[in-house]
Amino acid sequence: MPEDGVRLRPPRNRVERRAVAWWTAQALALLLPPVIVLVVLGILIAPARFWLLLPAVLIAVLGAVYTAVMPQWRYRVHRWEITDDAVYTSAGWLRQEWRIAPMSRIQTVDTVRGPLQQLFDLSSVTVTTASAAGPLNIDGMDREQAAAVVEQLTTATQATPGDAT
C-alpha cells in the first residue's frame with residue numbers, strides 16, 4: 001500500500017443512466033452527417049451512385065453496431081467515487097482506465113456542460129492534478145450532483161495539506 005494510504009481500487013458509483021442516451025446522441029451526431037451526405041450525393045450523381053451508396057451503407061451498418069454497443073458498454077465501465085483521501089475514476093470502453101487522485105494532489109476542479117449534456121441535464125467534472133497522465137474526468141453526472149461534488153472537492157482540497165497548492 002502506498003505511504004499515503006491510498007490504493008487503486010474500483011470506484012463504487014455509477015454515472016447517471018441518462019448518460020447512455022447522451023453517448024448515443026453523440027454517436028448519432030458523429031455518424032449521421034456523412035451517411036446523409038453520401039446518400040444525397042448518390043441520388044444526385046447517377047454515374048457514381050454505387051461508389052457513394054456503398055460507403056454510406058458500410059458507415060450506417062458499422063455505425064448502428066457502434067451506437068448500439070458503445071453507450072451500454074461505457075455505462076457498465078464508467079464509475080466514480082470520492083472518499084476523504086482521494087477521487088477514484090474508471091472510464092473507457094475499448095481502452096479502460098482506473099485512475100486515482102489523492103486529495104493532496106488536486107489542483108483544480110471544473111464542471112463542463114456541453115449542449116447535448118444540457119439537453120440530458122448532465123455534467124462532466126474534471127479533476128486536475130500535477131500528474132503527467134492528465135486530469136480525471138467524471139462524465140455523465142447529474143447536473144445537481146456534479147455541482148455538489150465540485151463543492152465537496154473544493155472544500156476537501158482546501159482543508160487538505162499537500163504538495164499541489
Side-chain angles (χ1 to χ4, degrees), residues 1-2 4-35 59-160 162-165:
M1 181 178 282
D4 60 4
V6 179
R7 64 181 178 82
L8 188 61
R9 61 177 178 73
R12 292 188 178 101
N13 303 316
R14 284 185 183 260
V15 297
E16 273 300 312
R17 184 74 182 146
R18 293 187 311 270
V20 172
W22 171 51
W23 290 320
T24 301
Q26 282 182 314
L28 290 173
L30 176 71
L31 295 166
L32 284 179
V35 171
I59 293 170
V61 168
L62 293 173
V65 171
Y66 172 78
T67 302
V69 171
M70 178 273 299
Q72 296 296 330
W73 192 323
R74 282 183 75 175
Y75 180 73
R76 292 197 322 205
V77 171
H78 276 61
R79 300 270 192 283
W80 65 276
E81 183 178 354
I82 298 168
T83 67
D84 292 339
D85 301 316
V87 176
Y88 297 84
T89 63
S90 173
W93 71 284
L94 283 181
R95 183 180 153 267
Q96 297 176 9
E97 178 178 75
W98 282 2
R99 300 270 314 272
I100 183 173
M103 289 294 177
S104 63
R105 300 299 307 238
I106 294 174
Q107 294 179 327
T108 62
V109 182
D110 303 300
T111 303
V112 175
R113 294 188 72 218
L116 278 177
Q117 286 175 302
Q118 291 178 39
L119 184 66
F120 292 100
D121 200 29
L122 297 171
S123 292
S124 293
V125 173
T126 302
V127 178
T128 306
T129 67
S131 169
L136 280 76
N137 293 306
I138 307 170
D139 293 326
M141 292 184 77
D142 178 75
R143 180 183 53 82
E144 291 179 11
Q145 184 179 38
V149 163
V150 168
E151 186 175 328
Q152 176 188 359
L153 286 174
T154 301
T155 302
T157 55
Q158 288 175 347
T160 304
D163 56 359
T165 55

If you round to the nearest 0.5 Å, how far is [atom2] of [Y] from [atom1] of [X]?
X   : Y   : atom1 : atom2 : result
R74 : L94 : CZ    : CG    : 10.5 Å
R14 : E16 : CZ    : CD    : 11.5 Å
I82 : R12 : CD1   : CZ    : 13.0 Å

Residue list, side-chain contact (heavy atoms from CB on, under 4.5 Å) with [X], at least two apart or on another chain:
X    : answer
A25  : L116, F120
V77  : W73, S90, Q96
R76  : none
Q118 : R113

Smallest separation among heavy atoms of [X] and [Y], with atom names:
X    : Y    : value
T129 : G134 : OG1-O, 4.4 Å
G140 : V15  : O-CB, 3.5 Å
P10  : E81  : O-OE1, 4.2 Å
L136 : A101 : CD1-CB, 3.8 Å

Any side chain to side chain donor-acceptor pair (under 3.5 Å) involving residues 131-141? Give me the pairs, sequence neighbours left out, ordered by first then second residue.
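Pairs touching residues 131-141 that pass the test: S124-D139, T126-N137.
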
State, yes or no, whether a side-chain contact exists between [X] and [Y] at a heavy-atom distance under 4.5 Å.
X    : Y    : value
M103 : D84  : no
I100 : V87  : no
D110 : V125 : no

Tell me, with the steps shown, if R99 and Y88 meet side-chain contact (heavy atoms from CB on, under 4.5 Å).
CA-CA 6 Å; R99 300 270 314 272; Y88 297 84; over 6 Å; no

Would you please test V127 and L153 for side-chain contact (heavy atoms from CB on, under 4.5 Å) and show each step?
CA-CA 9 Å; V127 178; L153 286 174; 3.9 Å; yes

Is it true that a side-chain atom of [X] and a backbone atom of [Y] form a donor plus acceptor pair closer than 3.5 Å?
X    : Y    : result
Q117 : L122 : no
N13  : R79  : no
Q152 : V149 : no

For W23, enumerate each residue passing the ring pair (Phe, Tyr, Trp, His ring centres under 6.0 Å) test, keeping only those at least two apart in sequence or located in another chain.
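Checked W23 against ring pair (Phe, Tyr, Trp, His ring centres under 6.0 Å); matches are H78.
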
What pairs with T108 under side chain to side chain donor-acceptor pair (under 3.5 Å), at least two apart in sequence or on another chain?
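Counting only residues at least two positions away or on another chain, T108 forms a side chain to side chain donor-acceptor pair (under 3.5 Å) with T128.
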
May I have the step-by-step check of side-chain contact (heavy atoms from CB on, under 4.5 Å) for W22 and V20, ending in yes or no?
CA-CA 5 Å; W22 171 51; V20 172; over 6 Å; no

Can you give me every donor-acceptor pair (side chain of residues 141-148, partner residue at least two apart or in another chain, under 3.5 Å) with its distance?
from, atom 1, to, atom 2, distance (Å)
D142, OD1, R18, NH2, 2.7
D142, OD2, E144, N, 3.1
D142, OD2, Q145, N, 3.3
R143, NE, D121, OD1, 2.9

Residues which pass salt bridge (charged side-chain N to carboxylate O under 4.0 Å, His left out) with R17, listed by chain and number, not counting sequence neighbours:
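R17 satisfies salt bridge (charged side-chain N to carboxylate O under 4.0 Å, His left out) with no residue once adjacent residues are dropped.
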
Candidate pair Y66 and L31, rule side-chain contact (heavy atoms from CB on, under 4.5 Å), full reasoning:
CA-CA 10 Å; Y66 172 78; L31 295 166; 3.9 Å; yes

